[in-house]
Asker: 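Below you will find the structure I want to go over with you.
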Amino acid sequence: MTEDLQFDKDGRLHHFLSIEGLKRETIVEILDTAESFISVGEREIKKVPLLRGKTVVNLFFESSTRTRTTFEIAAKRLSADVINLNPSVSSTKKGETVLDTIDNLEAMHTDLFVVRHINSGAAHLIANHLPRHVRLINAGDGRHSHPTQAMLDAFTIRRYKKDFAGLKVAIVGDILHSRVARSLIHALNILGVPEVRVVAPKTLLPTAVEQLGVHPFHNMYEGLEDVDVVVMLRLQRERMEGALIPSEQEYFRVYGLTEEKLSVAKDDAIVMHPGPMNRGLEIDSAVADGPRAVILPQVTNGIAVRMAIMALIMGGNVQRERKGKE
Amino acid sequence: MNQIDVDQTLNSLAEKLRPVLEKDPVMIGIHTGGAWIAQRLHDILGMSEDIGTLDISFYRDDFTRIGLNPQVKASDLPFDVDDRHVILVDDVLHTGRTIRAAMNEIFDYGRPASILLVVLICRDGRELPIQADIIGETVALKPNQEIKLTGPDNLALEIQEVGA
């Protein structure tokens, strides 16, 4: 079902909903294309004309600063017209359903929706509802998926580590509530990373986490030993119901990333975090601001990766639609 | 016509370009064939500044028809184009659309003092009012024929019949 929605009948990416169902070659094509968009962001005029005349609506039913802003910048650098909406403070409050909101925006000739929603599966629901010529990118749905974050993480890893073969990657923290972790695990598996670890207390790991193709650890020193990449996750206190951690001080003592715990990783290990960071909770400031952190390059890379995904799903639509009519 | 000696043509192009060196120009080649030609001309002429390369995929006029080139490469201009004389190099001048895209891209880097277009092969089939300033060889081809440069080590030209 996901596959059908994500691809057109020629096997080209149509919507971008989840990492699951993507082929390795599709992921690599996105990473390669993003590499070319990096140089666009470094020049005097940071704009190319690919999406000139297209309308992109950033529809964030759940709040976001980084993701929404980088999507907005990405669309603007492709020369699209961008509208940012936060329907939870307008139409939804007045009782409009999500699909009615979508229909109204589609009536304004939106070409691409970028959607974030608090409920898992929202992106699929909307994609299924849209007329086929309108595209959708999932910017995070509930606990399910955050595929563009996974792509920018994979892109950042490739920029620093060159190759995925032979890498040991540890994802640390609140795996249970994390759509970032879920999407990244799928991406790293598809890209052929031989060892993906998750490091967390049992209360923050989903049951049967091994089935995702990861090795679970409950101890930081064991989980980080000899790894090339450490991906820290934000402790999602707003999603937690009940006492999943004893206390924040205790959590930091056992699972917070400090220089001391990081010392068991490889010397050239990189430290990533999707943001926003809770300093002193999941990560110590000395690490977050230290030489191995690539947290701010992740943000810069996010723009290029989102440009690549937008360009790849929006390109060739005239021919595709003509084909559809034949 | 089938036997164009690329090396000989490159040498004659370089001789025609030599007077331009007085203006302290920079050289930009268009991916992929144009970049090969630019590199060879740059070496023959002994220019000091590295060549720039352009991938015009982001500026093509057929993006909404056929989508993005899957082999898109990053453009790399290792100099400031503002107020510089630019020698723009491509392998084959055909419709003129590639050159239009390349000039649009160059202007997103800055405002050059001038752009001089140099092509190894000039063929018929222009669709835009764009002409080359310096030409290696002029060839007339049938509409269903394409001329393609292969390389980068041994540069050679091939004429191919394409599906009508």
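Side-chain atoms are counted along with the backbone in the values below, which use heavy atoms only and exclude waters and symmetry mates. Quick note on labels: first sequence line is chain A, next is B, and so on, each numbered from 1.
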Asker: Give a yes or no on whether B:Lys148 atom NZ has more than 12 heavy-atom contacts from other residues, nucleotides or ligands under 6.0 Å away.
Answerer: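 Counting neighbours around NZ of B:Lys148, 12 or fewer heavy atoms of other residues, nucleotides or ligands fall under 6.0 Å, so no.
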Asker: Tell me whether B:Asn154 at atom CG has more than 12 heavy atoms from other residues, nucleotides or ligands lying less than 6.0 Å away.
Answerer: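 No, CG of B:Asn154 has 12 or fewer neighbouring heavy atoms, counting only those of other groups under 6.0 Å.
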Asker: Heavy-atom count around B:Arg126 CZ within 6.0 Å, excluding the residue itself: above 12?
Answerer: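 It does: B:Arg126 CZ has more than 12 such atoms within range.
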Asker: Find the distance between CD (A:Glu42) and CG (B:Asp76) and round it off to the nearest 0.5 Å.
Answerer: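 Reported value, rounded in 0.5 Å steps: 10.0 Å.
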Asker: Would you say that more than 12 heavy atoms from the other residues, nucleotides or ligands in this model lie under 6.0 Å from the CD of B:Gln8, or not?
Answerer: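 No, because the 6.0 Å sphere around CD of B:Gln8 holds 12 heavy atoms or fewer from other groups.
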Asker: Is the number of heavy atoms from other residues, nucleotides or ligands within 6.0 Å of CD (B:Glu161) greater than 12?
Answerer: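 Enclosed: over 12 neighbouring heavy atoms sit under 6.0 Å from CD of B:Glu161.
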Asker: If we define contacts as heavy-atom pairs under 4.5 Å, which of A:Val40, A:Thr33, A:Ile45 has the most with chain B?
Answerer: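 Most pairs with chain B among the choices: A:Ile45.
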Asker: Distance-only, no hydrogens or angles: does the A:Ser39 side chain make a donor-acceptor pair with backbone N or O of B:Ala74 under 3.5 Å?
Answerer: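 Such a contact is absent between A:Ser39 side chain and B:Ala74 backbone.
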Asker: May I ask you to name which of A:Glu44, A:Lys46, A:Lys47, A:Arg43 has the most heavy-atom pairs under 4.5 Å with chain B?
Answerer: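 Looking at each of A:Glu44, A:Lys46, A:Lys47, A:Arg43 in turn, A:Arg43 comes out on top.
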Asker: Please report the shortest heavy-atom distance between A:Leu50 and B:Ser57, naming the atom on each side.
Answerer: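 Scanning both residues, the minimum pair turns out to be CD2-O, 4.0 Å.
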Asker: Would you say CD of B:Glu146 has more than 12 non-hydrogen atoms from neighbouring residues, nucleotides or ligands within 6.0 angstrom?
Answerer: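 No, CD of B:Glu146 has 12 or fewer neighbouring heavy atoms, counting only those of other groups under 6.0 Å.
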Asker: What residue, out of B:Lys73, B:Arg60, B:Gln71, has the most heavy-atom pairs lying under 4.5 Å from chain A?
Answerer: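 Top option by heavy-atom pairs under 4.5 Å: B:Lys73.
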Asker: Distance from B:Phe63 atom CZ to A:Leu51 atom CG, nearest 0.5 Å?
Answerer: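 It comes to 5.5 Å.
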